[in-house]
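Residue numbers start from 1 in every chain, and the chains themselves are labelled A, B, ... in the order their sequence lines are given, proteins ahead of strands.
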Amino acid sequence: MNTVRVRFAPSPTGFLHLGSARTALFNWLYARHAGGKFLLRIEDTDKVRSEKKFLDEIFDDLQWMGVNWDEEPLYQSQRFNVYREKAEEVLAKGRAYKEGDAFIFKIEKGRTIELDDMIHGSITVNTDEIKDQVMIKSDGSPTYNFACVIDDAYLEVTHILRGDDHISNTPKQILFYEALGLTPPKFGHMPLILGPDGAKLSKRHGGVSVEEYRNGGFLPEALANYLILLGWSPGDDREILSMDEAVSLFDISDMSDVQAKFDIQKLKWLNGEYIMKRKTEEVLPLIKDQLSKAGLDIAGLTDDYLSRLVDLYKIRIKTLREFVDLADCFITDDFTVDEDGKRKHLGSEENKANLKIFADRLEELDDFSHEKIEEICRDLVEEKNLKASNIIHPTRVAISGKTRGAGLFEIMELLGKEKVLERMRGVGR
RNA sequence: GCCCCUGUCGUCUAGCUUGGUCUAGGACAUCGCCCUUUCAAGGCGGCAACACGGGUUCAAAUCCCGUCGGGGGCGCCA
């Protein structure tokens, strides 16, 4: 009977913003928790600014995050005649007037509109604060508030969860419901996400679209988890939650009524946790994607080789993109080099000499396994009365260009004898 | 300017509804130690908050008022 029906109503005039993604996520959680329906409505009344490519990407991003919808999306651009009919209806009731071709709704002064917000509790507004509202513009298109009410009623939406920036729209919409003889749904206004500096989250804070995070090597479950955590918590100390867990634990009364700042550090931490947990074979295609995006040629490399590489590095990266910076030495000879590290570990003749001796000994080695390599290294250290780090650091920089990364002997084994010796010997030249 | 929402560690938050169990808990970040060939991971520990001022009360982070601060809105944008 009283099935919960919620909707997400994007406007295809730009990429999916993180804030919108969060709105979608919470609506979706609300619907799924209640066993209700999650609907999509496309607010494409602005025919000039709406673009197909934005719409396609919004659909794609939602699905990527695991947000699926139940019925065919409703397109406002196809319902102009309905809006007009309704406007005529309001006009006939004497609740509106015309100004040129525009239909304008009369706001009755001196009334107090009270709404019982699911997140904020009671909010009251005096209608003296509200100006008469355009329903249909001179060009025949409906205004946002008018179309919104008609469509939410048409879709039988029971709960509207949207951003705080809509609070001032709500009393206007309630008046429209009233004039149309409709019962308003329940409203819940959730606080907006702010940038780290407390201002509205915008481009200058880095990424603001889901797309940017996708491309930047974030996992959908990490982004969704983070966004859900921004403004909601299950009440206990759990932070890493699967979508399924979030669905079962979600309760709108646990939602915060305070604006929250976006913290990329915590997102990265979560992302790292999820990358670590993912199976190697799941991460592999994503890594391949990142490598080719970075312009690295992986055509000559086997999946087995790349899998072993992923195994070595997936526990130490926060984003998939970081993999490229850390492991390029396995893909190309033209890898990036940490110049400071190089100076530090390969600056002295002594270290270069040690490196050469190590290389000579490795030359003899047929079984180029990390165990054997380490054995040779340890023996050498003992024999020459050196510290292991005197050999290890110079070698690491010589063959990988980095001062950090996976265990040296494992790096050497995977890279193979030929490459290792070539790079070790290349240092002196 | 007017209206609305809002104020617990640097950040996200638990606690606030039903005042005492809060010398305020967790997480990220940060710092230190352990582990260790580096970086991560892991373990241990440190730093760090109830915006301020008045009430109410035996007792307030929790209730009330004010101040200040932050955000949003005031479009024939959505």
* Between A/D338, A/I391, A/L408, which is the residue that forms a side-chain contact (heavy atoms from CB on, under 4.5 Å) with A/R396? -> A/L408
* Asked: Which parts of residues 319-344 of chain A get close to RNA chain B, meaning a heavy atom less than 4.0 angstrom away?
  -> none
* 5'-most by nearest nucleotide on RNA chain B - A/H120 or A/T403 -> A/H120
* In terms of side-chain heavy atoms of A/V258, which of B/U6, B/U11, B/U37 is nearest? -> B/U6
* To the nearest Å, give me how far apart CZ (A/R316) and P (B/A41) are. => 10 Å
* Check: A/N271 side chain, A/G217 main-chain N or O, donor-acceptor pair, under 3.5 Å -> yes
Let me check something: any side-chain donor-acceptor pairs from residues 85-93 of chain A under 3.5 Å, sequence neighbours excluded? List them with distances.
| from | atom 1 | to | atom 2 | distance (Å) |
| --- | --- | --- | --- | --- |
| A/K93 | NZ | A/A179 | O | 2.6 |

* To the nearest angstrom, how far is A/I130 atom CD1 from B/C2 atom C1'? -> 13 Å
* Sugar-phosphate, base or nothing in reach of A/A406, heavy atoms under 4.0 Å -> base
* Asked: Any idea how A/F26 and A/F250 line up, ring-wise: parallel (<30°), tilted (30 to 60°), or perpendicular (>60°)?
  -> tilted
* Asked: Base, sugar-phosphate, or nothing: which does A/G163 touch, judged by heavy atoms less than 4.0 Å apart?
  -> nothing
* Sort out the partner of B/A24 for me: Watson-Crick or G-U wobble, both distances under 3.5 Å, none otherwise. => none
* Could you pull out all residues at least two apart from A/D101 that satisfy side-chain hydrogen bond (donor to acceptor under 3.5 Å, both in side chains)? => none
* Does A/R238 put a side-chain nitrogen or oxygen below 4.0 Å from OP1 or OP2 of B/A14? -> no
* **Nearest-angstrom distance from the residue atom CD1 of A/I193 to C1' of B/U11** => 14 Å
* How would you label the contact of A/Y226 with the nucleic acid (heavy atoms, under 4.0 Å): base, sugar-phosphate, or nothing? -> nothing
* Does B/A51 have a Watson-Crick or wobble mate here (both distances under 3.5 Å), and if so which one? -> B/U67
* Checking all strands, does A/K318 fall into the base, sugar-phosphate, or nothing category for heavy-atom contacts under 4.0 angstrom? -> sugar-phosphate
* **Exercise: do A/D311 and A/T280 side chains pair donor with acceptor under 3.5 Å** => yes
* Asked: Does any N or O in the side chain of A/T127 come within less than 3.5 Å of the main-chain N or O of A/E108, such that one atom is a donor and the other an acceptor?
  -> yes
* Asked: Reckon A/L408 touches a base, only the sugar-phosphate, or nothing at all at heavy-atom distances under 4.0 Å?
  -> base
* To do: Between A/E239 and A/I317, name the one whose nearest nucleotide on RNA chain B is closer to the 5' end.
  => A/E239
* **Listed partners of A/D165 passing side-chain contact (heavy atoms from CB on, under 4.5 Å), at least two apart** => A/L192
* Asked: Out of B/G7, B/G26, B/A29, which nucleotide sits closest to the side chain of A/Q265?
  -> B/A29
* Structure fact -> For B/G1, the nucleotide meeting Watson-Crick or G-U wobble distances (both under 3.5 Å) is B/C74
* **Between B/C12 (C1') and A/W269 (CH2): distance, integer Å** => 11 Å
* For each nucleotide in nucleotides 70-78 of chain B, reading 5' to 3', give B when a protein heavy atom comes within less than 4.0 Å of its base, S when such contact involves only the sugar-phosphate, and - otherwise. => BSSSSSBSB
* State which residue, out of A/K172, A/Q173, A/H166, fulfils the side chain to side chain donor-acceptor pair (under 3.5 Å) condition with A/N145. => A/Q173
* A/K261 side chain N/O closer than 4.0 Å to the phosphate oxygens (OP1, OP2) of B/U11? -> yes
* To do: Would you classify A/I315 as touching base, sugar-phosphate or nothing, given that sugar-phosphate means primed atoms plus P, OP1 and OP2, and contacts are heavy atoms under 4.0 Å?
  => base
* To do: Please name all residues satisfying side-chain contact (heavy atoms from CB on, under 4.5 Å) with A/S168, sequence neighbours left out, ordered by chain then number.
  => none
